[in-house]
Each structure stands twice: as structure tokens, then as C-alpha cells.
Amino acid sequence: MNVSKVVIWLSVVAAALGIVAAGVGLFWQTEGTPYTFTALSGDTVDIYARGIYADDSVFKSGANRGGDVTTLFLATPVLVIALLHYRRGSVRGAMVLLGALTHFLYVYASLALGAAYNALFLVYVAIFGCSFYAWLLLLFALQPLTLRFAADLPYRRIGAFLLACGLLTSFVWLEPLVSAFLVGHAPRLLYHSTTMVTEALDLATIAPACFVAGLLFLRRDCRGLIFAIPVVALLFFIGPSIVTMTFFQLRDGISFTIAEIVGPMSGFLALGVINVWVAVVLLRAAPGQTAATPTQGRRPVHTPA
């Protein structure tokens, strides 16, 4: 496939700045004592008061540091390895690079839009922008190659899995929002924020991507691959993030029931196992390095929208 120098440089900048942002978030700590703050909703919120996430809630700062662990020790190495393969024209390298960039795009869009303002704000914005445009260029480059993927993909099983992920994501975020709306109170996880950024991102982009990809796969429409790759990548990175987020939140004194700890971890572990299978199947079905012409007789059925 054609290799874009713009994608390479944008990815390098995103990775380098991601190392800086995640390293500061994880390892730079200042002295401070958590304090109580009264939010616009009237609820009291415990503010973390230490490090770069000093003005975030204790709950949110733990989530941010959990994301930093995943970015620093998993997503960045994956991005670098994928980038090396992409430079050699590997389609699989491009797919993995797209997946790694999806993590950077999602995490730093969330921090730029949803974290309390801090000294790294412009770094978050830069990573958000670089990863978005590299991601977009890769998406455009991979789209015509979807016709050259192996025709024997287990379309229905992958489609059913993606639809299940969409339903689960929708339920996880809609249930507390709808419940709060029905009782006329702000959502419990709003804390001192003014809006629900993560919920907005997931319900507006992630859940619909799961549904679109799932339905396209059920119709054996190869365009579902373009929607599936970023979704599969997010699921790959979210499992470790949930574990590390929970660790920091428990260490900082957030109280969870056993069900609140075991439920998300076991659920995402189960999804993660299936997701690894889906990722392996998609990578194996990818065309070769040059992908010059589709293999005769192996072209997937393409159903017009």
C-alpha cells in the first residue's frame, strides 16, 4: 500500500507527546490534600489536589492515571511497532497503526474536552489533532483495500459480536443518564464537570460504530471493516485501562462494592478474549504488502447501502 510521510510524522509527534503527557500524569506528583468541593449540581465532590490532575475529582484522576498506564506501557509500544511495519508498506501494519491511533485519539480527545484545565492542555490538544488527522488519512488509505480482504471471514459471528458490544456500551452509559433524568437530578458521575464528555463520545461515536459495523458484517459488506478496526482496537486497550483505573481509584479511597469491581473487569475480560480472536481473524484476512490486485474468486460480496 502507499505509505504517507504525513501519517508517519503525525504518528511520531502523537507518540512522543503521548509519552510526555502520560509520564507527567503518572509520575509527577505534588504535595496536596484532597478537599471537598460543592458542584453546580449541589453535590459535594472530593478533589484530588495532587499532580497534574490536581483539579480533577479523586475518581476522575484515578481514571486518568489508569489511562496513562495503558498509553505509556501498551499503546505507545504498539504504535511504534505498527509504524515500523507501516513504513514498509504492510497493510497489517497500517491496520494496527490505525488501532493504536484510535486509542490516542479517544484518550486525548477525552482529556482535552473533559479533564480539568491544566498545564498540559495544549499537549492534549496537539495529540488529539495529530492522531485525528493521521487516523483519518489511514482510514482513507485502507478503505479501497477492504475489497481485497479474504472472502471467508466469519462475517456473521463478527457482526453479532460487534452488535453485542454496541448494546453493552449503550446500556452502560444510558442507564445512569436515563435514571438521573427520571429523578430530576444530575448524573452521579458528573462530579464537578458541567457535562458528560465520555458518555457523549461513546454514545455519539463508539456505540453507533459498533452497530454500523455489525450490520454491515451481517450483510457481508466489506465496508464494515473500516468501522470494525477502530472499535476492535478500543476494546483491546480498554480492558487494561479498566484494571489500572480501578487500582488507582481504590488506592485513593474510592469505595466500590465487590460487584462493581468484579462486574466490569470480568465483563471486559470476556469481551477482550473474543475481541482478540476478532483482531487475529481480521489481520489474517488482510491482503499482502502491496495489495495490487484482488485475488481472483476471493472478492467479498459488496452490498450497496
Side-chain angles (χ1 to χ4, degrees), residues 14-77 103-131 173 176 186-202 237-258 260-262 264-265 268:
L17 292 178
I19 291 172
V20 172
V24 170
L26 199 56
F27 299 116
W28 183 66
Q29 291 291 310
T30 58
E31 294 295 327
T33 302
Y35 61 91
T36 301
F37 176 83
T38 301
L40 291 175
S41 62
D43 295 328
T44 56
V45 181
D46 291 329
I47 304 299
Y48 185 57
R50 294 191 293 271
I52 200 69
Y53 302 125
D55 294 329
D56 281 296
S57 67
V58 173
F59 182 90
K60 188 64 179 289
S61 70
N64 292 343
R65 283 174 285 144
D68 288 336
V69 171
T70 303
T71 298
L72 202 57
F73 298 109
L74 183 59
T76 300
H103 169 83
F104 278 81
L105 173 57
Y106 180 81
V107 168
Y108 289 99
S110 299
L111 287 172
L113 299 173
Y117 178 84
N118 61 51
L120 289 178
F121 174 74
L122 289 178
V123 176
Y124 300 153
V125 172
I127 302 171
F128 177 18
C130 288
S131 56
W173 293 130
R188 184 173 64 89
L189 296 180
L190 179 64
Y191 292 110
H192 64 317
S193 300
T194 55
T195 191
M196 307 291 283
V197 173
T198 301
E199 288 79 353
L201 289 173
D202 284 13
F237 291 113
I238 199 171
S241 295
I242 291 291
V243 173
T244 51
M245 287 175 187
T246 304
F247 167 78
F248 285 117
Q249 288 164 342
L250 287 171
R251 193 184 71 172
D252 293 337
I254 300 292
S255 297
F256 293 108
T257 64
I258 297 298
E260 287 174 330
I261 297 173
V262 174
M265 287 189 181
F268 280 107

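All heavy atoms count here, side chains included; hydrogens, waters and symmetry mates do not.
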For residues 50-70, which residue pairs pass the salt bridge (Lys or Arg N to Asp or Glu O under 4.0 Å) check, not counting sequence neighbours?
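For residues 50-70: R65-D252.
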What's the spacing between [X] [atom1] and [Y] [atom2] if we round to 0.5 Å?
X	Y	atom1	atom2	answer
I47	Y191	CD1	OH	10.5 Å
F104	S131	CZ	OG	8.0 Å
N118	I52	CG	CD1	4.0 Å
L26	T71	CG	OG1	10.0 Å
F37	T44	CZ	OG1	11.0 Å
L113	S193	CG	OG	11.5 Å

Search all heavy atoms of [X] against all heavy atoms of [Y] and return the closest pair with its distance.
X	Y	result
P187	M196	CB-CE, 3.8 Å
S110	L201	OG-CD1, 3.5 Å
Y48	Q29	OH-OE1, 3.1 Å
A75	F237	CA-CE2, 3.5 Å
Q249	F59	NE2-O, 3.0 Å
P240	T70	C-OG1, 3.8 Å

Holding to side-chain hydrogen bond (donor to acceptor under 3.5 Å, both in side chains), I want the full list of residues that pass it with T198, two or more places apart in sequence or in another chain.
none
Side chains of [X] and [Y], heavy atoms from C-beta outward: is any pair under 4.5 Å?
X	Y	answer
F248	V69	yes
F256	V262	no
V243	F247	no

Applying side chain to side chain contact (heavy atoms under 4.5 Å, CB included) to T38 and D43, what does each step give before you reach the verdict?
CA-CA 6 Å; T38 301; D43 295 328; over 6 Å; no
Any donor and acceptor pair, going by atom type alone, linking the side chain of S241 with main-chain N or O of G66 inside 3.5 Å?
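Looks like no, no N/O pair under 3.5 Å.
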In terms of ring plane angle, is the pair F73 and F27 parallel, tilted or perpendicular, where the classes change at 30° and 60°?
perpendicular
Identified side-chain contact (heavy atoms from CB on, under 4.5 Å) partner of Y53 from the options N64, L120, V58:
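Among N64, L120, V58, the one that satisfies the side-chain contact (heavy atoms from CB on, under 4.5 Å) with Y53 is N64.
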Check step by step if side chain to side chain contact (heavy atoms under 4.5 Å, CB included) holds for F128 and L105.
CA-CA 5 Å; F128 177 18; L105 173 57; 3.5 Å; yes
